[in-house]
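Each ligand, and each atom within it, is numbered from 1 in the order the structure gives. Just so you know, these numbers use all the heavy atoms, side chains as well, and skip hydrogens, waters and symmetry mates.
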Amino acid sequence: MWSIIILIIFCVIAYFITDELIPKLKHLFINAGLYGIDLCKVSQEKIPEALGVVSGCIFLVTIFLFIPIAFGNDLMDRGSFPHNEFAELLAALLSICCMLLLGFADDVLNLKWRYKLLLPTVASLPLLVVYYVNFNSTTFVVPLPLRQFFGVSVNIGFLYYIYMGMLAVFCTNAINILAGINGLEVGQSLVIALSIIVFNLFELKGDQFKAHYFSLHIMIPYLSTTLALFKHNWFPSRVFVGDTFCYVSGMTFAVVGILSHFSKTVLLFFLPQIINFLYSVPQLFHIIPCPRHRLPKYSAETNLLQASRTVIAKKDQKYLSKKIVEVLSFFRLLDKFEDDTSIVMNNMTLINLFLIKFGPMSEVRLTVMLLIFQVLCTCVAFIIRYPLASYFYDV
Ligand code: UD1
Ligand code: MG
């Protein structure tokens with residue numbers, strides 16, 4: 001318990017250091033050509049990009065400094081040193097560190113989408129190796145209604161490792177594609193981080209308390225450094241967080257989910273990102289044209305955002321694309337108009353869907369609404385995880 005209190009003190013210091021460093025380092029990023037233009041503003045001011053590297057580095061350094069305290073007692077008695085737990089922490093840090101490096105490379109080099117999928121898979125390898133050595137548990141507990149068909153548990157063997165690798169790919173990219181308005185990437189990550197921390201605190205009384213302590217040791221420093229970044233990224237953004245931040249965040253959530261054995265619960269906290277991903281699939285796989293930016297369109301006259309649009313040329317439209325447009329229009333999930341030659345429809349993101357359903361609105365209002373939705377989804381996740389779980393599992 002005392003180690004958590006020291007960790008919190010470390011994290012308060014980390015918050016202030018991050019908060020101080022971000023404005024001080026901003027001009028270095030602009031000088032290095034790492035900047036973007038805020039596409040939802042009139043001003044063409046250069047906004048430094050990839051500042052997630054600052055919060056990410058301080059997040060990692062905080063954990064590095066905390067290692068002697070977390071393992072303090074055990075360091076005295078080398079005979080009983082918990083090598084397994086130490087290896088877990090080091091593998092977690094290595095995976096997050098890899099993602100920080102690869103995310104920064106992406107911000108500098110603007111990598112293609114295929115690499116964005118490959119990089120998190122590579123970065124999750126240290127984690128999977130430690131999982132194999134320490135646990136190698138590849139069994140899923142079958143929900144009660146399905147037990148008559150599959151038995152109490154199913155061992156899916158190697159597929160479990162593929163699942164964990166894909167979890168890392170999903171978590172990193174899912175945050176990155178629910179982005180484009182001030183404060184949204186960081187805001188959603190903060191809500192997910194807080195949800196995980198609350199879940200860990202609930203579970204500290206259970207028999208898996210060690211795993212949840214482990215998770216807290218990673219999530220609390222993440223939360224504090226991300227809060228400082230949030231302050232600078234909130235509307236009107238003075239810094240952009242870059243893909244570095246999205247990748248570090250996604251990998252941090254995947255790491256705690258995998259090593260603390262609550263990956264399904266982590267996925268429940270990703271409900272808005274799952275909805276956004278599923279809705280985006282036709283554009284991500286280029287069944288429907290996908291422009292470089294799908295973020296909402298800013299109207300300078302009204303100072304409001306409206307859904308951005310993509311154009312399908314009717315002569316090039318394939319059968320699958322026609323069916324998708326038909327089905328989504330039937331469920332009123334698309335806003336489209338067409339003429340003889342083309343169909344103009346909204347870009348398929350959750351952000352644009354909110355604008356279609358609730359009408360044009362200011363950027364702050366849109367971010368706040370999406371973050372409220374994220375919080376509501378967390379509430380749903382807790383209902384599924386606690387009261388409803390007893391219908392599906394022996395809890
Ligand atoms: C992802 C999205 C893209 C979206 C972009 C916005 C997919 C497949 N890709 O691309 O549709 O437009 O994120 O981040 O869904 N920006 C703002 N305001 C913000 C944040 C970002 O205007 O609050 C703009 C800036 O010009 C900034 C740029 O977005 O430079 C960053 O885009 P980047 O993160 O490189 O885009 P992707 O992650 O590739
Ligand atoms: Mg991005």
Side-chain angles (χ1 to χ4, degrees), residues 26 29-30 32-53 56 99-100 102-117 119-120 169-189 229-250 272-298 300 305 307-310 346-353 355 362-368 370-371:
K26 262 166 45 172
F29 285 74
I30 296 184
L34 273 173
Y35 60 83
I37 305 295
D38 197 328
L39 301 172
C40 299
K41 306 281 183 307
V42 186
S43 143
Q44 294 291 302
E45 192 193 338
K46 292 175 181 173
I47 312 254
E49 181 117 37
L51 265 288
V53 76
M99 234 35 251
L100 183 89
L102 299 174
F104 196 60
D106 189 6
D107 277 324
V108 176
L109 305 172
N110 276 321
L111 298 174
K112 295 220 164 73
W113 269 96
R114 53 176 172 274
Y115 300 116
K116 296 194 187 212
L117 299 182
L119 301 182
V169 177
F170 174 75
C171 291
T172 47
N173 286 294
I175 296 173
N176 191 26
I177 63 171
L178 186 54
I181 51 173
N182 292 181
L184 186 60
E185 286 125 306
V186 194
Q188 64 187 296
S189 306
L229 184 61
F230 187 58
K231 187 178 152 194
H232 298 273
N233 181 242
W234 183 249
F235 183 91
S237 289
R238 278 136 292 150
V239 302
F240 288 145
V241 296
D243 293 348
T244 317
F245 172 79
C246 302
Y247 288 0
V248 167
S249 304
Q273 287 71 18
I274 294 175
I275 297 170
N276 183 54
F277 170 73
L278 293 177
Y279 189 45
S280 298
V281 162
Q283 286 198 298
L284 296 181
F285 290 96
H286 293 282
I287 301 166
I288 285 171
C290 182
R292 166 68 183 88
H293 280 293
R294 302 192 298 158
L295 52 81
K297 190 167 177 298
Y298 174 69
L305 299 184
S308 61
R309 303 195 174 267
T310 182
N346 63 286
N347 280 312
M348 299 156 84
T349 65
L350 187 64
I351 310 177
N352 284 326
L353 192 59
L355 288 168
S362 67
E363 190 172 358
V364 191
R365 181 143 185 252
L366 182 57
T367 313
V368 170
L370 283 158
L371 292 182

key: Atom OH of Tyr35 with >12 non-hydrogen neighbours under 6.0 angstrom   =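 No, OH of Tyr35 has 12 or fewer neighbouring heavy atoms, counting only those of other groups under 6.0 Å.
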key: More than 12 heavy atoms of other groups within 6.0 Å of Lys41 NZ   = yes
Nearest option to [atom], as decided by whichever heavy atom of [options] sits closest:
{"atom": "atom 6 (C) of ligand 1", "options": "Cys246, Gly180, Pro236", "answer": "Gly180"}
{"atom": "atom 22 (O) of ligand 1", "options": "Thr367, Leu39, Val186", "answer": "Leu39"}
{"atom": "atom 20 (C) of ligand 1", "options": "Tyr298, Trp113, Phe240, Phe245", "answer": "Phe240"}

query = If every non-hydrogen atom of Thr349 is compared with every non-hydrogen atom of Ser280, which pair is closest and at what distance?
reply = CA-OG, 4.4 Å
query = Under a 4.5 Å cut-off applied to non-hydrogen side-chain atoms, are Ser362 and Phe235 in contact?
reply =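 No, every pair of side-chain atoms sits at 4.5 Å or beyond.
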Subset of ligand 1 atoms that lie under 4.0 Å from at least one heavy atom of [X]:
{"X": "Gly36", "result": "30 (O)"}
{"X": "Asn176", "result": "1 (C), 13 (O), 38 (O)"}
{"X": "Lys116", "result": "39 (O)"}
{"X": "Ile37", "result": "22 (O), 25 (C), 26 (O)"}
{"X": "Leu284", "result": "8 (C)"}
{"X": "Arg292", "result": "3 (C), 10 (O), 11 (O), 33 (P), 35 (O), 36 (O), 37 (P), 39 (O)"}

Hey, does [X] come in under 3.5 Å of ligand 1, counting only N/O atoms on both sides?
{"X": "Glu49", "answer": "yes"}
{"X": "Tyr35", "answer": "no"}
{"X": "Arg294", "answer": "yes"}

Among all protein heavy atoms, pick out the one at the shortest distance from [atom]; state its residue, atom name and that distance to 0.1 Å.
{"atom": "atom 29 (O) of ligand 1", "value": "His293 CE1, 3.5 Å"}
{"atom": "atom 34 (O) of ligand 1", "value": "Asp243 OD1, 3.0 Å"}
{"atom": "atom 23 (O) of ligand 1", "value": "Asn182 ND2, 2.9 Å"}

Which of these, [options], sits in a side-chain contact (heavy atoms from CB on, under 4.5 Å) with [X]?
{"X": "Tyr279", "options": "Leu353, Asn347, Leu350", "value": "Leu353"}
{"X": "Asn352", "options": "Asn276, Leu305, Leu295, Asn346", "value": "Asn346"}
{"X": "Val241", "options": "Asn233, Val53, Val248", "value": "Asn233"}

query = How long is the span from the CG atom in Leu117 to the CZ atom in Phe170, to the nearest 0.5 Å?
reply =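 Here the interatomic distance stands at 12.5 Å.
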key: CG on Asp38 to CD1 on Ile47, rounded to 0.5 Å   = 5.0 Å
message = I'd like to know if the side chain of Thr244 reaches the main chain of Gly52, judged simply by a donor and an acceptor atom lying under 3.5 Å from each other, with no hydrogens or angles considered.
response =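 Flag not set: sc Thr244 to bb Gly52 has no pair under 3.5 Å.
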key: the Mg ion (ligand 2) contact by Asp243, N, O or S atom under 2.8 Å   = yes
